[in-house]
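Reckoned from all heavy atoms, side chains included, excluding hydrogens, waters and symmetry mates. Just so we're on the same page: letters track the sequence lines, and every chain starts at 1.
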Number of protein chains: 2
Amino acid sequence: METAFKNIAALIGDPTRATILWTLLDGKAFTATELAIAADTSPQNMSMHLTKLVQADLLSVESQGRHRYYKFSRKDVAYAIEALANLIPAARNTPAVEQDSAVKYCRTCYDHLAGKIGVAITDSLISQEILSETFDLTTKGNKWFGKIGIDVDVLKQQRRTFIRPCLDWSERRHHLAGAVGAALLDMMLAEDWLRRTRQSRAIVVTAEGEKMLKKHFLLTPSSVHV
Amino acid sequence: METAFKNIAALIGDPTRATILWTLLDGKAFTATELAIAADTSPQNMSMHLTKLVQADLLSVESQGRHRYYKFSRKDVAYAIEALANLIPAARNTPAVEQDSAVKYCRTCYDHLAGKIGVAITDSLISQEILSETFDLTTKGNKWFGKIGIDVDVLKQQRRTFIRPCLDWSERRHHLAGAVGAALLDMMLAEDWLRRTRQSRAIVVTAEGEKMLKKHFLLTPSSVHV
DNA sequence: CAAATACTTCAGTCTACACTTAAATATGGA
DNA sequence: TCCATATTTAAGTGTAGACTGAAGTATTTG
């Protein structure tokens, strides 16, 4: 079993493969070519790496015409990558000028909203007593989610974890994950409060989104630094 | 940030370093020489690897005389390694003769009891309604822990997570972790129900332990296969 | 149907970095 | 004080496996 562990570790340890996994944290499926561009390598090389990851059952492929879409084969993989990302050493001496990209402030973490905005929204949910300190949904919270169009009873039926806290690697604070976290992100994207950007995990807030974030979560633009 | 992730991944990806981390999952501190033996390499080489892991703040060292004790620098590291271990492909076709070592049945996972016995104990706690299905301690459970000599109120004061479920890589089932899980293991070792083995993560059940496991968790030797 | 795109396969090459040999430093014990 | 043990440091070597170039297989498009 120790050998199996070494194999998994070696698989994740290669820089190119690490980049693949990092990119896929987005939660979307990517084609081989997209991943080759993201990892700045040749298609042949990417193909070789993807084959290895699929063989180890870390990724799964789905063919659609001449494209092959790669994604995590199971949630556990995303969780493990998240756990690794949490080991990134905390920013040492914050530079005078904030150099971090938008990703730090607003990005997705597998299938839910992370980054500064994810943490801010989660804080707001707790202070509004929609969530308890222990990440349980309150009676008040049940009603609140219904009002914004998310049927929590349906989410409870799902096999996946209903609510779980996810520790963010940049903010080092918990934010909302699980079925509820994913549903919240889906809603925000569907309602066009947020929009995905093309090649990155960054998310942008629309004008409408800014209004709605203020209304529902009492967030001002400055409080999320977008 | 992506670069930082690659660095972490590369650090964990080397077979020798993976073995170090795997060994340390035990929760104990090891000397450089012990780790060199465990990883089947030279002391010089081990020294080089340990230096890298300490520099990346994955491990911390404590000097005691001419020995240097290495352990995880923070809990997050152990959690990440656990998450990785969960990616080990599930046993495909179980061989006719069970080849797995005792480790599979009874071992520690960072600082709490995992393996078949860890899962069995957790199941028992839930069926006895000491824990709820959602891993919350019940009123009944509060009393129960007091009776076996564990003061849960003291544990609640600790900064670490009070109770958390940990997914076991061999059993693929949740078992008890967090402060309560660690306290339970400590108690069992202190009362000599269980004993650590010399060079491995395996744990053996003493004669006394067998009696007590039966008494408190309704576990028969066959139900834990020890 | 030919041409373009998406992706894979199979050789051969090349280099990062784990490992070795050798020697130095520090602590403990007789 | 001298020797054994624990560990680190330094310099040189060897190789696993990532990458490249060339060619092959699907699929779509015009």
Side-chain angles (χ1 to χ4, degrees), chain A residues 2-24 28-71 73 198-199, chain B residues 2-24 28-71 73 198-199:
Chain A
E2 186 188 319
T3 312
F5 178 75
K6 281 193 232 178
N7 292 340
I8 292 281
L11 220 46
I12 292 175
D14 173 77
T16 302
R17 287 192 293 263
T19 304
I20 297 171
L21 297 167
W22 176 260
T23 305
L24 289 176
K28 289 189 299 185
F30 284 78
T31 66
T33 305
E34 284 170 342
L35 289 169
I37 292 167
D40 191 29
T41 188
S42 67
Q44 311 93 289
N45 194 31
M46 182 50 64
S47 180
M48 182 269 288
H49 286 300
L50 288 171
T51 303
K52 289 190 180 186
L53 290 169
V54 169
Q55 270 169 359
D57 193 32
L58 295 188
L59 302 188
S60 63
V61 215
E62 202 176 323
S63 292
Q64 260 174 51
R66 59 183 165 183
H67 296 280
R68 308 199 75 198
Y69 286 92
Y70 290 87
K71 62 175 205 285
S73 66
R198 197 166 292 266
Q199 293 280 6
Chain B
E2 185 187 319
T3 311
F5 179 74
K6 281 194 233 179
N7 292 341
I8 293 281
L11 219 46
I12 291 173
D14 173 76
T16 302
R17 287 191 294 262
T19 304
I20 296 171
L21 297 167
W22 177 261
T23 305
L24 289 175
K28 290 188 298 186
F30 285 78
T31 66
T33 305
E34 283 169 343
L35 289 169
I37 292 166
D40 191 29
T41 189
S42 66
Q44 309 92 292
N45 195 31
M46 181 51 63
S47 179
M48 182 268 289
H49 286 300
L50 288 171
T51 304
K52 289 191 179 182
L53 290 170
V54 169
Q55 268 169 0
D57 193 33
L58 295 189
L59 302 188
S60 63
V61 215
E62 201 176 321
S63 291
Q64 259 174 51
R66 57 182 166 179
H67 297 279
R68 307 199 75 197
Y69 286 93
Y70 289 87
K71 61 177 205 289
S73 66
R198 197 165 291 266
Q199 292 282 5

Query raised in the report: For D:dA18, does OP1 or OP2 lie under 4.0 Å from any side-chain N or O of A:K52?
Result: yes
Query - All side chain to side chain donor-acceptor pair (under 3.5 Å) counterparts of B:T41, not counting sequence neighbours - result: B:N45
Query raised in the report: So among A:T33, A:T19, A:I20, which one has a side-chain contact (heavy atoms from CB on, under 4.5 Å) with A:M46?
Result: A:I20
Report summary line: d(A:E2 CD, A:N7 CG) to nearest 0.5 Å is 11.0 Å
With the criterion being N/O to N/O and under 3.5 Å, what pairs connect the protein with nucleotides 28-30 of chain C, and how long is each?
none

Report task. Starting from P on C:dA18, measure out to CG on B:L53 and report it in whole angstrom. Result -> 10 Å
Query - Gap between atoms CD and P, on B:Q55 and D:dT8 respectively (whole Å) - result: 12 Å
Interface polar pairs with nucleotides 8-11 of chain C, N/O, under 3.5 angstrom:
unit_1	atom_1	unit_2	atom_2	d
C:dT8	OP1	A:R68	NH1	3.1
C:dT8	OP1	A:Y70	OH	2.7
C:dT8	OP2	A:S47	OG	2.9
C:dT8	O5'	A:S47	OG	3.1

Query raised in the report: For the side chain of A:T31 and the backbone of A:H67, is there at least one donor-acceptor N/O pair under 3.5 Å apart?
Result: no
Report summary line: In this structure, CG of A:L11 is separated from NZ of A:K6 (nearest 0.5 Å) by 15.0 Å
Query raised in the report: Roughly how far apart are B:I12 CD1 and A:I8 CD1, rounded to 0.5 Å?
Result: 12.5 Å
Query raised in the report: Rounded to the Å, how far apart are B:H67 NE2 and D:dA4 P?
Result: 17 Å
Query raised in the report: Think A:S42 has a side-chain N or O under 4.0 angstrom from the OP1 or OP2 of D:dT20?
Result: yes
Query raised in the report: With a 4.5 Å limit on heavy-atom distance, are the side chains of A:V61 and A:L50 in contact?
Result: no
Report task. May I ask you to test the B:L59-B:L21 pair for a side-chain heavy-atom distance under 4.5 Å? Result -> yes
Query raised in the report: Partners of A:Y70 by ring pair (Phe, Tyr, Trp, His ring centres under 6.0 Å), sequence neighbours excluded?
Result: none
Query raised in the report: Under the side chain to side chain donor-acceptor pair (under 3.5 Å) test, which residues partner A:T51, sequence neighbours left out?
Result: none
Query - Whole-Å gap separating C1' (D:dA6) and CG (B:L35) - result: 13 Å
Query raised in the report: How many angstroms lie between CD in A:E34 and OG1 in A:T23, if you round to the nearest 0.5 Å?
Result: 10.0 Å
**Report entry** Near-strand residues of residues 7-17 of chain A, defined as heavy-atom separation under 4.0 angstrom from DNA chain D
**Finding:** A:D14, A:T16, A:R17
